[in-house]
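The structure under discussion appears below in the form of structure tokens.
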Amino acid sequence: MSSPTPDALLGPADVRELAAALGVRPTKQRGQNFVIDANTVRRIVRTAGVRPEDVVVEVGPGLGSLTLALLEAADRVTAVEIDDVLAAALPATIAARMPGRADRFALVHSDALHVTELPGPAPTALVANLPYNVAVPVLLHMLDTFPGIERTLVMVQAEVADRLAAAPGSKVYGVPSVKANWYAEVKRAGAIGRNVFWPAPNVDSGLVSLVRRAEPVKTTATKGEVFAVVDAAFAQRRKTLRAALAGWAGSAAAAEAALVAAGVSPRARGESLTVEEFARIAEHKEIAQDKESGSQ
């Protein structure tokens, strides 16, 4: 493995110089905030536990700050970039600043939400500074599409980090919390200050660690069936599950029948349930349907 030069990572002046040369102005539309601090990207790689044998996929590499730090530590890095200008420029940046590792880098010019395959070996880790506006859907899509991803570390808006890592009973526990927990054990892994970005965002950022479950949630229901219950339960947060799941089950009485069969109180609310309990409810939709057809 060729060792990178000491100044291979991008500093504040490098980032601004690259952006100026490319005519790039970070856009709010794509949630672009470029990391300008080399210590921060090295901290992210360290916190992610990237190993020399890892194949890392990065979403939204931007100008390459985190990409270069990942290439220092991993076997291979594949970056997924939607922006035409940034995607076109990144391979040249890698070749110029880390020539000994350039053959270990691949670029996919695409919207991450539409990516279904990646070049080279299957990814074992996902490490990314995710754009705030699409962080949760991109994260869930990547975990679902690439089951070989064992470890994930994402930098997201602090509020999103709190939601992803929230436990049942928390005020911010919701759809992202449950769906992320379907795939992985989720926890907060640190905070990131605003001054390491250019431009500095007007919100704080947080790191979220996701370690894929050693065993999937034990259920006879499909992921789609479980997620349908989750979506229905949180669509009307203030309602009891008996009321919130009435549309899903066909009626409030049918929802109650499914809940009782699943061992869940009809008076409970979605924010108190674990992903396993949502799965049990999904398994009992037939009871709800039988109840509904019997009452007609």
Side-chain angles (χ1 to χ4, degrees), residues 1-46 48 50 56-74 76-115 118-120 126-135 138 153-157 192-203 205 207:
M1 183 185 291
S2 304
S3 57
T5 55
D7 60 348
L9 301 193
L10 300 176
D14 301 312
V15 170
R16 289 187 173 87
E17 190 178 307
L18 263 175
L22 297 172
V24 167
R25 290 185 179 178
T27 69
K28 282 189 178 180
Q29 181 187 358
R30 288 190 172 155
Q32 290 171 330
N33 297 92
F34 301 130
V35 182
I36 57 174
D37 181 61
N39 288 329
T40 296
V41 291
R42 282 206 172 103
R43 174 190 162 197
I44 290 169
V45 173
R46 191 169 59 248
V50 175
V56 180
V57 59
E58 180 191 8
V59 175
L63 292 166
S65 300
L66 179 57
T67 318
L68 289 162
L70 288 168
L71 272 170
E72 279 187 337
R76 293 176 180 274
V77 176
T78 300
V80 181
E81 177 57 66
I82 188 173
D83 187 286
D84 295 344
V85 174
L86 294 174
L90 188 55
T93 301
I94 301 298
R97 301 190 74 89
M98 215 171 276
R101 305 290 291 154
D103 63 336
R104 298 285 178 166
F105 171 74
L107 178 85
V108 175
H109 181 198
S110 177
D111 181 340
L113 285 169
H114 299 150
V115 169
L118 294 168
L126 166 64
V127 184
N129 169 20
L130 291 178
Y132 293 164
N133 51 349
V134 292
V138 165
L153 188 80
V154 291
M155 179 159 56
V156 293
Q157 187 175 340
I192 300 289
R194 304 180 187 193
N195 60 347
V196 303
F197 295 98
W198 174 70
N202 55 10
V203 292
S205 300
L207 297 175

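Residue indices begin at 1 and follow the sequence shown.
Residues Glu81 and Gly62 share a closest heavy-atom pair of OE1-N, 3.0 Å. The two residues Thr40 and Ile192 make their nearest non-hydrogen contact at CG2-CD1, 4.1 Å. In plain terms, the two heavy atoms of Val57 and Leu118 that are nearest each other are CG2-CD1, 3.8 Å. The two atoms that bring His109 and Ile82 nearest to each other are NE2-O, 3.3 Å, heavy atoms only. What you find for Ala48 and Val127 is that their closest heavy atoms are CB-CG2, 3.8 Å. Closest approach of Leu90 to Gly64, counting heavy atoms only: CD1-CA, 3.5 Å.
Arg16 contributes atom CZ, which lies 6.5 Å from atom CH2 of Trp198 (distance to the nearest 0.5 angstrom). Rounding to the nearest 0.5 angstrom, the gap separating the CG atom in Asp103 from the CE atom in Met98 is 12.5 Å. Rounding to the nearest 0.5 Å gives a distance of 9.5 Å between CG of Asp14 and CG of Leu9.
Counting only distance, with no hydrogens or angles, the side chain of Arg101 and the backbone of Ala74 share a donor-acceptor pair below 3.5 Å. Using a distance-only test at 3.5 Å, with no hydrogens or angles considered, no donor-acceptor pair links the side chain of Arg104 to the main chain of Leu71. The closest donor-acceptor contact from the side chain of Arg194 to the backbone of Ala200 lies at 3.5 Å or more, if one exists at all. No donor-acceptor distance shorter than 3.5 angstrom exists from the side chain of Thr78 to the backbone of Ala106, with no hydrogens or angles considered. No donor-acceptor distance shorter than 3.5 angstrom exists from the side chain of Glu58 to the backbone of Leu66, with no hydrogens or angles considered.
Under the side-chain contact (heavy atoms from CB on, under 4.5 Å) rule, Leu10 has a single partner from Ile36, Val35, Thr67, Leu18, which is Leu18. When each of Asn39, Asp37, Asn33 is paired with Val196, the side-chain contact (heavy atoms from CB on, under 4.5 Å) condition holds for Asp37 and for no other.
Under the 4.5 Å side-chain criterion, counting only non-hydrogen atoms from C-beta, Leu63 is not in contact with Thr93. The shortest distance between side-chain heavy atoms of Ser65 and Val15 falls below 4.5 Å. In this structure, Asn129 and Phe34 have side chains that are not in contact, with every pair of non-hydrogen atoms separated by 4.5 Å or more.
Remark: Glu72 engages Arg42 in a salt bridge, criterion side-chain N to carboxylate O under 4.0 Å.
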